[in-house]
Visitor: 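Could you have a look at this structure, given as structure tokens, before my questions?
So you know, we letter chains A, B, ... as the sequences are listed, proteins then strands, and number each from 1.
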Amino acid sequence: MSRPGAGALRPSSYILRGLTLGYLGLMVALPLLAMSLQAAEPGLDAFVKALTDPFALHALKLSFVTAGLMVVVNAITGTATAWVLVRYDFPGKRLVNALIDLPFSVPTVVAGLMLIVLYGPSSTLGVVLGRYGLEVIYQKPGILLALMFVTYPFVVRSVQPVLLEVDRAEEEAAQTLGAHPWTIFRRVTLPTLRPAILTGMALAFSRALGEFGSVVLVAGNRPMETKTGPMYIFGEIESGNTHGALVVSAVLLACSLGVLIVLNLLQRREEARNGH
Amino acid sequence: LVGLLAVVAAGPTCDVPVTEAKEDVLTIGAYSVVREAFHEGILPVFAAQWKRQTGRDVRFEESYNASGAQARAIAGGFDADVAVLSQESDVDICAKAGLLDTGWKKRPGRGIVTRSLVVVGVRPGNPLSLHDWDDLARPGVRVLYPDPKTSGGARWNINAIYGAGLFARGKDDPDPSAARDLLARVQRNVLTMDASGRQSMATFDRGTGDAVVTYENELLLRRKITGTEVPFVIPPATLLIESPAVVVDASVERHGNRPLAEAFLAFLKSPQGQAILAEYGFRPLDAEQDTRPLPPRLFTMADLGGWTKIKKDVYSPGGVWDSLFTGQEAAR
């Protein structure tokens, strides 16, 4: 954390701060506040009743489980990708590096459609997989796949810069002392990367909790089976149950916020431990 | 920021020309299914007729949206002069907002302007030989229809299946448990419930599913537009879809164009209007004019007890629809 510079006391910096915070308030805090108030307005009993609705509970559970599984997969594949991009040279590396961010720029609906074309029940791959009893699209694996796709860049992009900065001297020292490469990775490199991996995981998780565009196409939207939290919210809004939708939104939002706050605390502790 | 929002808001509308007094404007808020029939068929002919009768040009402001969303838009301030919606409960949303007389259903013809049937689209040659709702419940048949939570159209489809079960012993001996059972068995075969009827058709077009439950007019319209045939079967017991159109009193009073709106509604119901709608796949209001056969055990929403009763029995929280899933889950 950098200290405020000498210019901090100039009035212009107050104006900048005021404007920035005002902007944040207007664009983020105000809509969130309005939503939370509306969700809370009919009272605690109504809130609990809307939340314990079996359809709402199942949708929330499905969102958490799929997002959780996705985060585990992405932590491993994302770190591996960052590792390959930083530590190895190969033809087309720049292109691969550019491809990583594609899931952010592709409209999520297109991502969903792409998955259907690739794995759908009428695609070649889908037919082959179906023969082995593995259905992807319109089933839970489809949800997982969509989440993995749209959140893939998070871990890669948070690990990559840290990995570039890593001082190779420690790894080399371990190597000369005869440590196995896996031991070096686990004991020397990984601890340095851990905060970055956690950051990527947390961002991916909160993004996945709210993911709608891609999931709605591939999930099948069957209540108590493949309907996720955001799909439940959409359905309830469209059928006039605004309060039920707001309550589930509020829970998803609170969890995302919670994850990000915990992440922040962890990072501070890590920084304190490292003596910054 | 406010300035930015103002610019964004003003953007799409700033090119609207200043209307001259010679031109009449009719704002139509309709559900998406009638888009082609209206835009290409009804509106040009009506405009010509209006010109002949009054010497005035008419310009249409058209909006097409999912029926429920359109109804909520109108109730929320979209000043449509004429509302053309999928089902009467959507018109009720506008009526409850005080935009028209809540007794609108009691008018002659109950405001109905289009009729169609709930049918089952199948693959060419009907390889699984699907003919009735029971066939859709056979193991391994993959069925598509949209989610009744987001699609008003899906409710026509689901009501058709429900009703076929309800009247299995005849209309005078309804059997609610058979209705729930048939619906549960078909729903078990549903692969994906898209947000709208059109999206369900798109999924079917991608080669997914063996059967799609939809409206007859949608499939006939596809034949007209694309020239490709989607084969379909009319189940022996199915539901007659009747969709209403109304003049929105609050809007026409503000715009001062009630005669135009009333004339438009009358045109929709006229033999000429009905003939155009029939070209786009709808069944004529006058059954005498219907050249296509009707299924033997056709029933209507009135036979089912009306929308209010069905909404309460089937779609309310804890109703038949919900019980399909909570019951299923508990049994596992």
Side-chain angles (χ1 to χ4, degrees), chain A residues 19 22-27 30 49-50 53-59 61 109 112-113 115-124 126-127 130 135 137-139 142-143 212-213 215-227 231-245, chain B residues 1-2 4-5 65-69 71-72 75 89-90 92-93 96 123 140 142-152 154-155 187-196 199-200 202-210 311 315-318 321-332:
Chain A
L19 280 177
Y23 184 76
L24 182 74
L26 203 62
M27 297 302 290
L30 202 63
K49 190 161 171 276
D53 176 276
F55 292 91
L57 271 185
H58 185 274
K61 198 174 85 187
V109 177
L113 198 61
L115 290 174
I116 291 180
V117 171
L118 203 57
Y119 299 101
S122 48
S123 72
T124 319
V127 169
E135 286 176 63
I137 302 300
Y138 307 129
Q139 303 295 341
I143 303 175
F212 178 73
V215 172
V216 74
L217 279 188
V218 302
N221 193 26
R222 295 187 302 279
M224 305 298 278
E225 209 182 332
T226 60
K227 200 175 199 137
M231 289 160 79
Y232 174 83
I233 293 168
F234 177 57
E236 294 310 299
I237 290 178
E238 288 292 306
S239 59
N241 177 15
T242 317
H243 181 249
Chain B
L1 180 76
V2 174
L4 182 76
L5 290 178
N65 205 339
S67 186
R72 284 195 300 277
S89 51
D90 289 331
D92 280 336
I93 293 177
K96 272 184 200 133
R123 295 294 171 196
R142 292 169 306 173
V143 179
L144 304 178
Y145 47 69
D147 187 349
K149 288 268 184 192
T150 54
S151 161
R155 296 193 173 190
Q187 175 64 29
R188 214 166 288 155
N189 279 346
V190 167
L191 190 59
T192 175
M193 293 196 288
D194 287 303
S196 74
Q199 283 172 31
S200 267
T203 304
F204 193 69
D205 280 340
R206 279 196 295 268
T208 300
D210 303 307
K311 266 181 104 168
Y315 300 107
S316 65
W321 178 252
D322 276 5
S323 83
L324 299 184
F325 308 102
T326 46
Q328 223 176 355
E329 187 75 358
R332 273 180 196 169

Visitor: Mark yes when over 12 heavy atoms from residues, nucleotides or ligands other than B:Y315 sit less than 6.0 Å from its OH; otherwise mark no.
Guide: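 Yes, the 6.0 Å shell around OH holds more than 12 heavy atoms from other groups.
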Visitor: If I measure from the heavy atoms of chain B, does A:I237 come under 4.5 Å with its side chain, its backbone, both, or neither?
Guide: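 Backbone only.
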Visitor: Heavy-atom pairs under 4.5 Å with chain A are the metric here; pick the option from B:D147, B:L191, B:L144, B:D194 that has the most.
Guide: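 When all of B:D147, B:L191, B:L144, B:D194 are compared, B:L191 has the most.
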Visitor: Could you look at B:T203 and say if it's the side chain, the backbone, both or neither that has a heavy atom under 4.5 Å from chain A?
Guide: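 Looking at B:T203, just its side chain touches chain A.
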Visitor: If you take all heavy atoms of A:E236 and A:A245, which pair is closest and at what distance?
Guide: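 Closest approach of A:E236 to A:A245, heavy atoms only: CB-CB, 4.0 Å.
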Visitor: If you measure only the distance, is there a donor-acceptor pair under 3.5 Å linking the side chains of B:Q187 and B:Y145?
Guide: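 Yes - a donor-acceptor pair under 3.5 Å links their side chains.
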Visitor: Let's go through B:T326 and A:H58 carefully: what are the C-alpha distance in whole Å and the side-chain angles of both, what is the deciding distance for side-chain contact (heavy atoms from CB on, under 4.5 Å) to 0.1 Å, and is it a yes or a no?
Guide: CA-CA 10 Å; B:T326 46; A:H58 185 274; over 6 Å; no
